[in-house]
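We count ligands from 1, going down the list as the structure has it; atoms in each ligand are counted the same way.
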Amino acid sequence: MDYLEIEPNGALNGTITVSGAKNAALPLMCAGLLTDDTLTLEGWPNLADTHSMNALLQSLNMSTAIDGDTLTLRANGAINPIAAYDLVRKMRASILVLGPLLARLGTAKVSLPGGCAIGSRPVDLHIMVMEKLGAHVRLEDGYVLADAKKGLSGNRITFPSISVGATENALMAASMAKGETTLLNPAREPEIIDLAECLIAMGAKIEGHGSGCISIQGVDTLHGARHKVIPDRIEAGSFAIAAAITQGALTLKNAHADHLDALLKALTQAGAKIKTDTTSINISMQNRPKAVNITTEPYPGFPTDLQAQFMTLMCIATGTSQISETIFENRFMHVPELMRMGADIRVSGGVAEVQGVEALTGAPVMATDLRASISLVLAGLVAAGRTTVGRVYHLDRGYDRLEEKLNACGARISRIKE
Ligand code: EPZ
């Protein structure tokens, strides 16, 4: 398995162009199932996860073509309604084919994705949505079997808790259900808005996306569209933290500052200087960060996908910070690895208390999940001595050419093929 070798090399300085958002591209690809026309996605990120989704959609008989950062998708043949375990187990977001298959075919057989390192990751809210839209759903042999022979019917759906994926499945299914659907307490992430905008470009009738109440008027068919994937706010946030932790200065191009309010506020409190315009973020830091407390929350709160990265920054802060993880039950796997590098962290339930230290020390560490892996790379940028990060396949799920982008700004990261 590949691993990364990181030598500290002082402040990062330069410009990085942020790629398209993984967590927007994955549902957008599934939206291609809703039409027999061509859906073209520009700014499509070249990642392990988007390639896994590509393979899954091809297994459903969609034809796809990749041309640089443009992906075209077409589902105009006989669609296979079965999303098999060997593909779904690689990536939880595969559950996002459930709504489109039901809307297009009236039937779907999707393997339960299974949990992952950060939590059990149930899909009960996805199933609740489909049942509310009139589908008959049962679980058998590890698969979700759903049928709506007479098609889906609009309904009023209240989410008991906020779910990004279940909101995305609801948007896609309700777009072609008979009548009106109202979603109450939906997710408000930028990726939800991006999916809704793409569905509207395909002919869907959606209002209120990004708010606490989304209304959808179902239509009989959707047509093709050309849609640009929004920039990846989590990649941008990870690089902003890289600038702060190395006391450097980075300009992030193709980045929407308004998608990162909570992080940029926390970084400013930590002492960073931040300047933004409509398409870029400039962040610089002159000294050790101050300790800042954060609590992860659904958007627009502090994103859980930036919790591990921000914790790394707090490991060398002047003072003690409290980091509360409220979204996933087990998203502190980076803690023992950071402690191997000299971090002083105490975890009690969903709260990590981080006592900042002068400096971390390099060590061999192991990535356990996507965002834990980037937090270890960030630590390696400033730790005294060499750091090696194993199981880097976790990192490749969500970061495109990470070491290339950081090395161009002064980092010293090499990928060792074992
Ligand atoms: C999306 O996952 C993202 N993935 C995650 O990013 C992100 O961490 C998460 O949203 C929260 O922002 C993609 O968009 C592909 P949820 P999703 O449904 O949709 C519970 C990354 O690093 N829940 O909002 O799976 C769930 O267990 C990844 O890029 C249920 O209980 O997240 C969790 O505790 C990691 N039942 C909470 O809700 C359900 O049916 C939020 O999950 C669904 C979810």
Side-chain angles (χ1 to χ4, degrees), residues 19-31 45 47-50 52-53 56 88 90-99 110 112-132 137 139 144 157 159-172 183 185-195 229-230 232-238 259-260 262-263 295-310 325-334 350 367-375 394-400:
S19 301
K22 166 178 85 80
N23 292 349
L26 294 174
L28 287 169
M29 291 171 74
C30 298
L47 302 166
D49 271 9
T50 52
S52 298
M53 181 62 84
L56 173 66
V88 171
K90 290 198 190 99
M91 185 190 53
R92 292 186 31 74
S94 308
I95 193 69
L96 294 173
V97 302
L98 175 63
V110 180
L112 280 165
C116 71
I118 63 177
S120 59
R121 312 284 298 271
V123 291
D124 55 310
L125 297 178
H126 297 252
I127 291 171
M128 178 271 289
V129 165
M130 299 310 145
E131 289 177 332
K132 286 273 187 184
V137 184
L139 300 184
V144 175
I157 303 174
F159 288 94
S161 62
I162 289 181
S163 164
V164 171
T167 302
E168 289 163 345
N169 249 330
L171 276 174
M172 292 188 280
L183 303 180
N185 195 32
R188 304 170 183 220
E189 273 68 4
E191 293 76 22
I192 299 288
I193 297 173
D194 202 38
L195 175 62
V229 181
I230 54 168
D232 194 317
R233 60 193 170 100
I234 305 303
E235 185 191 22
S238 305
H259 291 170
L260 281 166
L263 172 74
T295 299
T296 64
E297 292 170 314
Y299 192 86
F302 192 98
T304 176
D305 293 347
L306 285 169
Q307 176 258 108
Q309 299 92 315
F310 195 80
E325 172 57 59
T326 69
I327 307 293
F328 290 106
E329 66 267 30
N330 187 32
R331 203 168 196 176
F332 282 149
M333 266 95 40
H334 42 288
T368 49
D369 59 272
L370 167 56
R371 306 302 174 182
S373 49
I374 185 76
S375 75
H394 287 292
L395 192 76
D396 295 337
R397 296 189 54 175
Y399 292 89
D400 178 15

| query | Any N or O of F328 that comes nearer than 3.5 Å to an N or O of ligand 1? | reply | no

| remark: Checking heavy atoms under 4.0 Å, the part of E168 that sits near ligand 1 is neither

| field | Whether N185 side chain and F159 backbone form a donor-acceptor pair below 3.5 Å | value | yes

| request: Report the C-alpha separation of R371 and H334 in whole Å, then their side-chain angles, then the decisive distance to 0.1 Å, and conclude whether the side-chain contact (heavy atoms from CB on, under 4.5 Å) test is met. | output: CA-CA 9 Å; R371 306 302 174 182; H334 42 288; over 6 Å; no

| request: Report the part of R331 in contact with ligand 1, treating N, CA, C, O as backbone and CB onward as side chain, heavy atoms under 4.0 Å; options are side chain, backbone, both, neither. | output: side chain

| message | List ligand 1 atoms under 4.0 Å from I327, heavy atoms only on the residue side. | response | 33 (C), 34 (O), 37 (C), 41 (C)

| Which segment of K22 sits under 4.0 Å of ligand 1 when only heavy atoms are counted | side chain

| message | Taking I234's backbone N and O only, do any of them form a donor-acceptor pair with D305's side chain (distance below 3.5 Å, no angle check)? | response | no

| said: I want to know if ligand 1 touches E189 in the polar sense, i.e. an N/O pair below 3.5 angstrom. | reply: no

| said: Using the rule given for side-chain contact (heavy atoms from CB on, under 4.5 Å), can you reason through K22 versus E235, listing the C-alpha separation, both sets of side-chain angles and the distance that settles it, and then say yes or no? | reply: CA-CA 9 Å; K22 166 178 85 80; E235 185 191 22; over 6 Å; no

| task | Measure from the side-chain N and O atoms of S52 to the backbone N and O of K90, and report whether any donor-acceptor pair falls under 3.5 Å. | result | no

| query | Quick one: does N169's side chain have a donor or acceptor within less than 3.5 Å of a partner on I95's backbone? | reply | yes

| task | Could you tell me whether ligand 1 has any atom less than 4.0 Å away from a heavy atom of E325? | result | no

| query | Side chain of T304, backbone of T296: donor and acceptor closer than 3.5 Å? | reply | no

| For R331, does its backbone N or O pair with a side-chain atom of Q307 as donor and acceptor, under 3.5 Å? | yes

| Does one side chain, of E297 or T326, offer a donor that lies under 3.5 Å from an acceptor on the other? | no

| task | Please state which part of D305 comes within less than 4.0 Å of ligand 1, counting heavy atoms only: side chain, backbone, both or neither. | result | side chain

| query | Do the side chains of E189 and P303 get nearer than 4.5 Å, heavy atoms only? | reply | no

| For ligand 1, is there an atom lying under 4.0 Å from some heavy atom of P122? | yes

| query | Numbering the atoms of ligand 1 from 1, which are under 4.0 Å from a heavy atom of S163? | reply | 16 (P), 18 (O), 24 (O), 43 (C), 44 (C)

| field | N or O contact, A93 vs ligand 1, cut-off under 3.5 Å | value | no

| field | ligand 1-proximal atoms of D49, by part, heavy-atom distance under 4.0 Å | value | neither

| Atoms in ligand 1 with a heavy atom of G165 nearer than 4.0 Å | 18 (O), 19 (O)

| task | Take V164 and E168, measure what side-chain contact (heavy atoms from CB on, under 4.5 Å) needs, and give me the verdict at the end. | result | CA-CA 6 Å; V164 171; E168 289 163 345; 3.5 Å; yes

| task | Please indicate whether any nitrogen or oxygen in V164 is less than 3.5 Å from any nitrogen or oxygen in ligand 1. | result | yes

| Location of contacts on L370 toward ligand 1, heavy atoms closer than 4.0 Å | side chain

| task | Heavy-atom contacts with R92 under 4.0 Å: which atoms of ligand 1 show up? List them by number with element. | result | 25 (O)

| field | T304 contact mode with ligand 1 (heavy-atom cut-off under 4.0 Å) | value | side chain

| query | Between H126 and ligand 1, which residue portion shows a heavy-atom distance shorter than 4.0 Å: side chain, backbone, both, or neither? | reply | both

